[in-house]
Amino acid sequence: MTQRFAFFHRRLLFQLGWILSAMVAACSRADEGAPPNVLLIVADDLGYSDLGCYGGEIETPNLDALAAGGIRLTQFYTTARCCPSRASLLTGQYPHRVGLGHMTQDIGRPGYRGRIDPAAKTVADRFSGAGYRCFLSGKWHLGTDDPTRHGFERFYGTLVSAKTFWDPDHYLSIPADSERSPPAGLPQVETNDARSFYGTDALTERAQQFLAAARTTAERPWFLYLAYNAPHFPLQARREDISRYAGRYHVGWDVIRRERLARMKRLGIVPDDTDLSSRSHYWNYGQTRSGTNPPWDDLDPDRRQDLARRMAIYAAMVHRLDWGVGQVIGNLRQAGELDNTLVIFLSDNGACAEWDPHGFDIKSSNQNILHRGEELDRMGTAGTFHSLGSGWANACNTPFRLYKHFCHQGGVLTPCIVHWPAGLRASQGSLVHAPAHLIDIVPTLLDAAGIDVSRRSESEFPLAGASFVSELNREPAVPRTIFLEHEGNRGVRRGRWKLVALRDEPWELYDLMTDPIESKDLAKTNTEIVRSLSAAWDDWARTNQVTPLPDDYHVDYLKAQ
C-alpha cells in the first residue's frame with residue numbers, strides 16, 4: 001500500500017503545476033484574442049492498453065508522439081457504449097439527460113428516446129455561435145439524420161456504425177457532394193475511388209479537405225471532430241497493414257496481457273504492484289450462455305490460427321488509424337497551426353467482446369466461422385465480416401475486467417491524450433491520474449476557447465461536467481463523483497472508492513487505490529460507504545432520467561427482464 005500511495009503522491013506536484021499553468025495559459029490566450037483551433041479525435045472501441053504510449057505492442061508512433069509532447073490521463077471515464085458516449089462528448093451532459101441512455105431505439109422513456117434531445121446544445125452549436133467554423137469527419141450515431149442541424153458546417157462519414165470499410169457508398173456528405181466531388185472550397189482527392197477506398201483513409205482525407213476549407217477564412221478559428229469508426233467491427237484492414245502483425249499474436253492473449261502490463265508499469269500508467277485481473281467473464285448474443293475466457297493454450301491449433309488473425313486485423317486497423325492521425329497532425333504542422341491547436345484523443349469505450357471468445361462472423365450474432373488455410377488470408381478483405389471476441393477484448397483492456405457494455409473498469413476507462421503546446425505548460429509526456437469523464441470535454445474546450453457559458457436560457461441544460469482545470473483544482477476533502485449506467489450495469493466513482501454492479505446484480509465495492517483491477521469486493525465490510533454511494537447514484541439516476549431502468553431494451557442481444 002505504501003508503494004501505491006507513493007505512486008500517486010509523486011504526481012501531486014505535477015498536477016498542481018499543471019492546474020496553475022493551464023489556468024494562466026487559458027487566460028493569456030483569451031487576452032491575446034487568439035482562441036485555439038480544436039481537433040477532437042475519437043476512436044471506436046479502442047482498448048485501454050492498445051496504444052504504444054499506454055503499454056500496447058501495436059505500432060502507434062503518431063499518437064505516441066502526441067502523448068510525448070502533451071499529457072495522458074490514466075483515469076478517463078466514458079459511458080461504456082458508442083451512442084451514449086458521443087452524446088456526452090458533444091453535449092457535456094450525461095447521456096440519459098439528452099435522450100441517449102441506450103442506443104437509437106426509442107424505448108418510450110425520456111432518457112431512452114434514441115436520439116439527441118432537440119433542446120441539447122452540442123459543442124459545435126456553441127463554437128459556431130462564437131465564430132468558429134465546425135466540421136465533422138466520421139461517425140455521428142446520435143439518432144438524427146443531419147449533423148449540420150447540430151452546429152456542423154459540413155459532414156462526411158456515417159450516421160451509424162460502419163457496416164463496411166470498403167464501400168464508398170456507405171459514406172455520405174452533407175451537404176451532398178456533386179458528382180462525387182467535394183463541395184466548393186475543398187480540394188479534390190481520391191476519397192471516393194472504389195478501387196483504393198478504405199473508410200479510415202477516407203475520413204482522414206476528408207478531414208484534411210475540411211482544414212483546407214477552414215483556411216479560406218484564416219481570421220476564424222476552427223473545430224474539427226474526427227470520429228474514426230476503427231477499430232469497431234467489422235474487422236477489415238489493408239493487406240499491407242495486416243501483414244505487419246500477421247505473426248505477432250500466435251503467442252495468445254495470456255502472453256499479450258502479461259507483456260502489456262509489464263510495459264504499463266514501466267511507463268507509469270499503473271503502479272508497479274498492479275496485478276493482472278483474472279480472465280473475464282462473457283455472455284453470448286441473447287444471454288443464453290455464459291462462461292469465462294479460456295486459457296489460450298487450451299484452444300486447438302486451428303482455433304488459435306483463426307483468433308490470431310482476428311487480432312492481427314484489429315491491430316492493423318489501429319495502426320492505420322494512427323497513420324491517419326499522423327497525416328492530420330503533419331498537415332497542421334506544415335500550416336503552422338499545431339502549436340495553437342488543442343488536440344484531444346480518446347476512445348468512446350473499452351474494447352468490444354461481442355460476444356464470446358471466438359467472435360462472430362457475417363453479422364452480430366452467435367454465428368462463428370472457423371477459418372483455416374487459405375481462408376485466413378481472405379479475412380479482413382472486402383465482403384468479409386468478423387469480430388474480435390471476448391478473449392482478445394480482455395487483452396485490449398489490460399489489466400482490467402470486462403469490456404464495452406459494462407461499467408467495470410474495462411468497459412469505461414479509455415486512453416485520453418491532450419496536446420496543446422501554446423496552452424499547456426506541463427512537462428511533456430506527463431501523466432494525470434485524477435479522474436475525469438466525457439462530460440468534462442465540452443467545458444474544457446469552451447474554457448480553452450474563452451467561451452463563457454454562464455449565461456443561458458431557461459430551457460438550456462447546464463453543463464454537467466467541468467473543465468479539467470477546475471476539476472483537478474478541487475480540494476481533496478470534496479472528491480469528484482462520477483456516475484455510470486448502461487443496460488442496467490451501473491457504477492459510481494468517488495475518490496478512491498468505486499461502487500459497481502452488473503445488471504440485476506448487487507453492488508460491489510472496490511478501493512481503487514489498492515485494487516485498481518476490481519478483484520476484492522469490500523461491500524460486506526464497508527456497508528456505510530455502500531449506502532452513501534448507492535444513495536448518491538439513486539439521486540443522480542432520478543435527476544438524469546436514468547430510472548426507472550427499462551425492462552426491455554428492444555434489442556435481441558439482451559434478454560428482457
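Since the structure is predicted, the reported quantities are computational estimates derived from the model, not experimental observations.
Residues His386 and Phe233 place their aromatic rings such that the two centres sit no closer than 6.0 Å. A ring-centre distance under 6.0 Å is not found for Phe483 and His437. Between Tyr314 and Tyr245, the distance separating the two ring centers is not shorter than 6.0 angstrom. If you look at Tyr94 and Trp540, their ring centroids are closer than 6.0 Å. A centroid separation of less than 6.0 Å is found between the aromatic rings of Phe165 and Tyr198. Between Tyr225 and Trp140, the distance separating the two ring centers is not shorter than 6.0 angstrom.
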For a side-chain hydrogen bond (donor to acceptor under 3.5 Å, both in side chains) check, start with the C-alpha distance between Thr79 and Ser88, then their side-chain angles and the critical distance, and finish with the verdict. CA-CA 8 Å; Thr79 74; Ser88 283; 5.7 Å; no

Give the C-alpha distance, both sets of side-chain angles, the deciding distance and a yes or no for salt bridge (charged side-chain N to carboxylate O under 4.0 Å, His left out) between Asp339 and Arg333. CA-CA 8 Å; Asp339 279 357; Arg333 183 178 289 110; over 6 Å; no

The test is side-chain hydrogen bond (donor to acceptor under 3.5 Å, both in side chains); show your working for Arg133 and Thr217 and say whether it passes. CA-CA 9 Å; Arg133 298 188 66 183; Thr217 53; 3.0 Å; yes

Given side-chain hydrogen bond (donor to acceptor under 3.5 Å, both in side chains), test Ser243 with Arg238 step by step and report yes or no. CA-CA 9 Å; Ser243 66; Arg238 293 193 181 278; over 6 Å; no

Before you tell me yes or no, could you show the steps for Ser467 and Asp447 under side-chain hydrogen bond (donor to acceptor under 3.5 Å, both in side chains), namely the whole-Å CA-CA distance, both residues' side-chain angles and the distance that decides it to 0.1 Å? CA-CA 7 Å; Ser467 169; Asp447 183 15; 2.8 Å; yes

Apply side-chain contact (heavy atoms from CB on, under 4.5 Å) to residues Leu224 and Val38 and explain how you reach the verdict. CA-CA 6 Å; Leu224 174 58; Val38 175; over 6 Å; no

Apply the test salt bridge (charged side-chain N to carboxylate O under 4.0 Å, His left out) to residues Arg244 and Asp241: give CA-CA distance (whole Å), side-chain angles for both, the deciding distance (0.1 Å), then the verdict. CA-CA 5 Å; Arg244 300 178 70 96; Asp241 293 330; 5.5 Å; no

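Judged by distance alone, the side chain of Ser85 and the main-chain N or O of Cys82 form no donor-acceptor pair under 3.5 Å. Using a distance-only test at 3.5 Å, with no hydrogens or angles considered, no donor-acceptor pair links the side chain of Ser390 to the main chain of Ala353. Not a single donor-acceptor pair under 3.5 Å links the side chain of Thr341 to the backbone N or O of Asn37. With Asp50 contributing its side chain and Gly47 its backbone, the two residues share a donor-acceptor pair below 3.5 Å. With hydrogens and angles disregarded, no donor-acceptor distance shorter than 3.5 Å links the side chain of Arg320 to the backbone of Ala315. A distance-only check finds a donor-acceptor pair linking the side chain of Asp348 to the backbone of Asp45 [under 3.5 Å]. A distance-only check finds a donor-acceptor pair linking the side chain of Thr158 to the backbone of Val160 [under 3.5 Å]. Under the 3.5 Å distance criterion, the side-chain polar atoms of Ser49 are left unmatched by any main-chain donor or acceptor of Gly56. Remark: side-chain polar atoms of Tyr553 are not paired, donor with acceptor, to backbone N or O of Met103 under 3.5 angstrom.
Considering only heavy atoms from C-beta on, Phe385 stays 4.5 Å or farther from Asp361 through its side chain. Within the 4.5 Å cutoff, side-chain heavy atoms of Leu66 are placed close to those of Val343. No side-chain heavy atom of Pro415 sits under 4.5 Å from any side-chain heavy atom of Phe76. Here the side chains of Gln236 and Trp166 are in contact, with some heavy-atom distance below 4.5 Å. Side-chain contact between Phe155 and Phe135 is absent, with no heavy atoms from C-beta onward closer than 4.5 Å. With contacts defined as side-chain heavy-atom distances shorter than 4.5 Å, the pair Leu136/Glu153 does not qualify. A 4.5 Å side-chain heavy-atom check between Cys396 and Leu388 finds at least one atom pair inside the cut-off. Side-chain contact between Asp145 and Leu159 is present, with heavy atoms from C-beta onward closer than 4.5 Å.
At a cut-off of 3.5 Å, with distance as the only test, no side-chain donor of Gln209 or Arg154 sits close to an acceptor on the other residue. Thr60 and Asp322 form no side-chain donor-acceptor contact under 3.5 Å, judged by distance and modelled atom types alone. For the 3.5 Å distance criterion, the side chains of Tyr228 and Thr204 qualify, holding a donor opposite an acceptor. With no hydrogens or angles considered, no side-chain donor-acceptor pair links Thr444 and Asp440 at under 3.5 Å. A side-chain donor-acceptor contact under 3.5 Å links Gln409 and Tyr77. Between the side chains of Thr381 and Arg239, no donor-acceptor pair is found at a separation under 3.5 Å. Inspection of the Asn349 and Tyr403 side chains reveals no N or O donor paired with an N or O acceptor under 3.5 Å. Residues Asn340 and Trp420 bring a donor and an acceptor atom of their side chains to less than 3.5 Å of each other. Side-chain atoms of Asp44 and Asn229 form no donor-acceptor pair, as typed in the model, at a separation below 3.5 Å. Counting only N and O atoms by type, the side chains of Lys121 and Thr91 include no donor and acceptor under 3.5 Å apart. In the model, Ser364 has a side-chain atom that pairs as donor or acceptor with a side-chain atom of Trp355 under 3.5 Å.
The two residues Leu39 and Leu226 make their nearest non-hydrogen contact at CD1-CB, 4.3 Å.
Under the side-chain contact (heavy atoms from CB on, under 4.5 Å) test applied with Phe345, the options Val418, Thr414, Asn62, Leu46 reduce to a single match, Leu46. Partner of His102 under the ring pair (Phe, Tyr, Trp, His ring centres under 6.0 Å) criterion, out of His486, His405, His96: His486 alone. Tested against Glu487 for a salt bridge (charged side-chain N to carboxylate O under 4.0 Å, His left out), the candidates Arg81, Lys559, Arg503 yield a single pass: Arg81.
Remark: Arg215 engages Leu211, Asn331, Leu332, Ala335, Glu337 in a side chain to side chain contact (heavy atoms under 4.5 Å, CB included) (not counting sequence neighbours). When the ring pair (Phe, Tyr, Trp, His ring centres under 6.0 Å) test is applied to Phe400, the partners found at least two apart in sequence or on another chain are Tyr48. Thr122 is linked by a side-chain hydrogen bond (donor to acceptor under 3.5 Å, both in side chains) to Asp125, counting only residues two or more places apart in sequence or in another chain.
Within 6.0 Å of the CZ atom in Arg220, the count of heavy atoms belonging to other residues, nucleotides or ligands exceeds 12. Around CD of Glu240, the count of heavy atoms belonging to other residues, nucleotides or ligands within 6.0 Å exceeds 12.
Both tests hold for Arg206 against Tyr156: distance to the six-membered ring centre under 6.0 Å, angle to the ring axis within 45°.
Between Asp106 and Arg115 there is a salt bridge, since at least one side-chain N of the basic residue sits less than 4.0 Å from a carboxylate O of the acidic one.
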